[in-house]
2 protein chains.
Amino acid sequence: MSADPALRREIPDATVARLPEYLRTLSRLAEDGVLSVSSEELAAEVGVRSAQLRKDLSHLGSYGVRGVGYDVETLALEISRALGLTEDWPVAIVGMGNLGHALASYSGFVTKGFRIVGLYDDDPALADEKIVGVAIRPLAELTEHHAVDPIAIGVIATPAPAAQAVCDALVGAGISSILNFAPAVLSVPSGVDVRRVDLSTELQILAFHAQRKSLAAGDLRAAVAAP
Amino acid sequence: MSADPALRREIPDATVARLPEYLRTLSRLAEDGVLSVSSEELAAEVGVRSAQLRKDLSHLGSYGVRGVGYDVETLALEISRALGLTEDWPVAIVGMGNLGHALASYSGFVTKGFRIVGLYDDDPALADEKIVGVAIRPLAELTEHHAVDPIAIGVIATPAPAAQAVCDALVGAGISSILNFAPAVLSVPSGVDVRRVDLSTELQILAFHAQRKSLAAGDLRAAVAAP
DNA sequence: TCAACTTTGTGCATGGGTTCACAAACGTCT
DNA sequence: AGACGTTTGTGAACCCATGCACAAAGTTGA
């Protein structure tokens, strides 16, 4: 009756968002031969408060040793388990422009529980080109491919106008986890997860803060120019 | 004494993060010839609650008309102003691998208040290649360049091991807004803004939810396998 | 074995963010 | 001009997340 808390309880979204960072740092420490870390040390590496780190980890279970800290390897394994990275997730990328190429050859894929099984683009000029050993195929072949060799996560790297149609195709094929790099809001049925990564949103947020800094630095044009 | 609230008051971070989405949707509506929207309609487009949208907009000032809604063009302009997009922000990209190339040729740059003024990479094979009219130069030239033609935002698109050194170079040159695509935590002096965009973090968050869904779907292995 | 020290895990308080619900404000129609 | 319907802007309640502070639990050294 006392199963793994990671699977029984709800892990808060804010915590889930930090787990990959913890895992990355732990992996680096493991490579450096570090065997054990305290919450204080690990938190400092990651850039969070130690109390936050401990509370986050407490949602996965109790893997620390009081007076000592956490075993690096054990903790990394438990976080991997919680995130579902003990198995490999098959990923397909749709849209093989500059961004799609960059994503396909991104080393972060293979190392961490993800495996590219499909690359799609309807541009005939790209047909049969191979990246990391996978051929680029027309999107129409996706459903067929998915039936033979299931895809867990679809990545959309097309221009914005094509994104919704591609999304519909992915959902239609039965894929329910989507990572969207196109600057467009996708509408999907409930049960489908969409995460968006958008360069220009991030730039705009930076611009906002940059503006605030330059105004705070004694630039009073705004106040003077106010109507 | 009643200056623009966007410049006087503090706009919550959560609101700032949503403003680019509102702006993008408003721009699309404007292109489609829509003159006016209610908070209900706009919220539906963006995928948020109307109350949230109204509260967000209220932080910028009072630009709606009761009983009618918001003028699309006016609201878009006010959001642009709040975000600081009425002026162009000069951007430099460091690291011209696949990702750097993709970012440099990304159309979202020029259209929305950003302008690429520098591309840097120490790989001699890339020297003097031009993308969107800008030559790739060694990173050592950055400080000099910045002194002549200031850079507001630095984008790091290098592999993780190089990220901190590049970051130090950017900060050393006087750049205080950084967008980091490398999977590494950067340490910077206070006053410098860093935002991180990380593919593998996003994939891992998707994997977590995908795992939850597959477990919830009647797969009881976890409960049975529990010690 | 026991005391002193270290570090985890967590109850509790605090703060922000989201949602609800409604009064105030506007346009419209008679 | 006045009544009616619509939509904004916002006070108030709720909810989640963060940070503090400490008891519980472990190690180390005498």
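Note on naming: letters A, B, ... go to the chains in the order of the sequence lines (proteins, then strands), and numbering restarts at 1 for each one.
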Inset, instruction - Could you list all the salt bridge (Lys or Arg N to Asp or Glu O under 4.0 Å) pairs where at least one residue sits in residues 182-191 of chain A, not counting sequence neighbours? - result: none
Inset, instruction - Using whole Å, report how far CG of Leu60(A) lies from C1' of dG9(C). - result: 13 Å
Legend entry - Spacing of Leu26(A) atom CG and Asp71(A) atom CG [to the nearest 0.5 Å]: 10.0 Å
Legend entry - Integer-rounded Å distance: dT7(C) C1' and Tyr63(A) OH: 19 Å
Legend entry - Stretch residues 36-46 of chain A: residues that reach within less than 4.0 Å of DNA chain C through a heavy atom: Ser38(A), Ser39(A)
Inset, instruction - Keeping to residues at least two apart or across chains, list the side chain to side chain donor-acceptor pair (under 3.5 Å) pairs with something in residues 152-169 of chain A. - result: Gln164(A)-Asp168(A)
Legend entry - Any pair counted as salt bridge (Lys or Arg N to Asp or Glu O under 4.0 Å), so long as it reaches residues 28-37 of chain A, sequence neighbours left out: Arg28(A)-Glu45(A)
Inset, instruction - Kindly write out the residues that satisfy side-chain hydrogen bond (donor to acceptor under 3.5 Å, both in side chains) with Ser38(A), not counting sequence neighbours, or none if the list is empty. - result: none
Detail all sub-3.5 Å separations between protein N/O atoms and N/O atoms belonging to nucleotides 18-23 of chain D.
| unit_1 | atom_1 | unit_2 | atom_2 | d |
| --- | --- | --- | --- | --- |
| dT18(D) | OP1 | Arg18(A) | NH1 | 2.8 |
| dT18(D) | OP2 | Arg18(A) | NH2 | 2.9 |
| dT18(D) | OP2 | Gln52(A) | OE1 | 3.1 |
| dT18(D) | O5' | Gln52(A) | OE1 | 2.9 |
| dG19(D) | O6 | Lys55(A) | NZ | 2.7 |
| dA21(D) | N6 | Arg54(A) | NH2 | 3.4 |

Legend entry - Length of the CG-P vector between Leu53(B) and dT7(D), whole Å: 14 Å
Legend entry - Flag side-chain contact, heavy atom, 4.5 Å: Ile156(A) against Leu186(A): yes
Legend entry - Residue mapping more 5' on DNA chain D - nearest nucleotide basis, Gly69(B) or Asp13(A): Gly69(B)
Legend entry - N-O pairing of Glu10(A) and Arg212(B) below 4.0 Å: yes
Legend entry - Separation of atom CG in Asp71(B) from atom P in dG27(C), rounded to whole Å: 13 Å
Inset, instruction - Answer yes or no: does a side-chain N or O of Tyr70(A) lie under 4.0 Å from OP1 or OP2 of dG26(D)? - result: no
Legend entry - Closest-nucleotide 5' rank along DNA chain D - winner of Gly64(B) and Val68(A): Gly64(B)
Inset, instruction - Kindly indicate whether the side chain of Gln204(B), heavy atoms from C-beta on, has any atom under 4.5 Å from the side chain of Leu85(A). - result: yes
